[in-house]
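Structure record follows, encoded as structure tokens.
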Amino acid sequence: MIDQGTVALVTGANRGIGRALVQALSATHVTKIYAGVRSLAAFEPIVLATNVVPIEIDVTRPEQIERLAVTAPDVTLLFNNAGVLSFGDIISASWDDIEHNLAVNYLGKLRLARAFAPVIERNGGGAIVNTLTLVALASMPELSIYNASKAAAWSMTQSLRASLLNRNVRVHGVFPGAVDTDMLKDVDIEKASPSDVALAILKGVTDDEEDIFPDAMSRSLYSAWKEDHKAVEKQFANM
Ligand SMILES: NC(=O)c1ccc[n+]([C@@H]2O[C@H](COP(=O)([O-])OP(=O)(O)OC[C@H]3O[C@@H](n4cnc5c(N)ncnc54)[C@H](OP(=O)(O)O)[C@@H]3O)[C@@H](O)[C@H]2O)c1
């Protein structure tokens with residue numbers, strides 16, 4: 001699935017897991033990688049990678065997404081990676097934060113998927129990779145609005161998979177545990193490295209895994225969740 005014919009688009013490519021994905025992809029034989037960033041000025045070029053094309057994309061701006069589907073007509077592999085995390089309890093979190101998490105983590109991914117599914121299909125097929133989170137499986141109260149936006153994106157991932165089944169577009173969900181990026185910089189917990197997570201995501205896509213658990217924390221908690229999801233819900237509720 002990831003080969004010389006692949007043209008990838010990664011959103012949120014300037015830092016964190018997105019940047020690591022661009023780096024990992026640039027070490028493969030893919031034809032081109034569109035590195036989607038909100039500000040081209042903020043994108044530091046990736047050394048040695050000549051096939052990386054920075055492009056401007058804010059996933060909350062529908063007109064930019066529509067334009068991108070025209071200016072990047074060769075995409076075959078979409079990494080719907082961009083995301084935000086606002087902390088806060090479901091009762092007291094601000095409404096602005098609730099709307100913003102849904103706008104980026106759910107609506108943004110959905111807009112990209114709807115714009116690029118026909119592009120990928122026209123190019124002979126490929127995949128959409130939605131980066132979700134382990135806490136889409138069960139809620140941690142302090143991450144309540146983030147969890148909800150990602151759980152909605154998980155449901156959307158399943159819907160896309162069914163709708164695109166016969167259109168040669170595979171749909172993957174990625175459920176990382178804690179990863180060492182800016183997103184969790186103030187949380188003191190053991191974290192996986194973004195580069196290891198990026199490699200595991202590419203392996204999952206290559207191996208055609210629908211649900212990708214790219215680090216030790218996510219694999220172990222997924223096993224526990226399959227065994228007894230109510231126990232994981234209770235465990236997370238007390239964290
Ligand atoms: N870190 C973790 O522990 C963890 C765990 C599970 C899942 N994830 C998921 O992994 C993905 C990447 O997260 P990360 O850890 O790499 O976080 P990060 O370091 O905070 O990076 C977030 C990226 O998303 C971009 N972004 C935010 N809002 C955007 C918008 N409106 N339009 C376009 N891009 C936007 C950011 O761009 P700017 O630089 O312009 O803000 C940045 O490139 C997210 O979907 C996140 O939810 C992360």
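Atoms considered below: every heavy atom in the structure, side chains included; atoms not considered: hydrogens, waters and symmetry mates. Start at 1 and go down the list; that is how both ligands and their atoms are numbered.
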Discussion item. To check your reading of the model: name the closest protein heavy atom to atom 18 (P) of ligand 1, its residue, and the distance in Å.
Written reply: Arg15 NH1, 3.6 Å
Worksheet item: If you measure from each non-hydrogen atom of Leu134 to ligand 1, which part falls under 4.0 Å: side chain, backbone, both or neither?
Response: neither
Worksheet item: What part of Val84 sits under 4.0 Å from ligand 1 if we count only heavy atoms: the side chain, the backbone, both or neither?
Response: side chain
Worksheet entry | Under 4.0 Å to a heavy atom of Tyr146 - the qualifying atoms of ligand 1, by number | 6 (C), 7 (C), 8 (N), 9 (C), 46 (C), 47 (O)
Worksheet item: Which one holds for Lys191 and ligand 1: side chain close, backbone close, both close, or neither close, with close meaning a heavy atom under 4.0 Å?
Response: neither
Worksheet item: So which protein heavy atom does atom 43 (O) of ligand 1 come closest to, and at what separation?
Response: Asn14 OD1, 2.6 Å
Practice prompt. Give the residue and atom name of whichever protein heavy atom lies nearest to atom 40 (O) of ligand 1, and the separation in Å to one decimal.
Written response: Arg38 NE, 2.9 Å
Worksheet item: Aromatic rings Phe175 and Phe213: how do their planes relate, parallel, tilted or perpendicular, breaks at 30° and 60°?
Response: parallel
Discussion item. Quick test: of every protein heavy atom, which one is nearest to atom 16 (O) of ligand 1, and how far off is it to 0.1 Å?
Written reply: Ile17 N, 2.8 Å
Worksheet item: Between the candidates Gly16, Gly83, Gly12, which shows the shortest non-hydrogen contact distance to atom 22 (C) of ligand 1?
Response: Gly83
Fill in: Residue portion contacting ligand 1 (non-hydrogen atoms closer than 4.0 Å) for Phe175
neither
Worksheet item: For atom 34 (N) of ligand 1, what is the nearest protein heavy atom, given as residue, atom name and distance?
Response: Ala82 CB, 3.4 Å
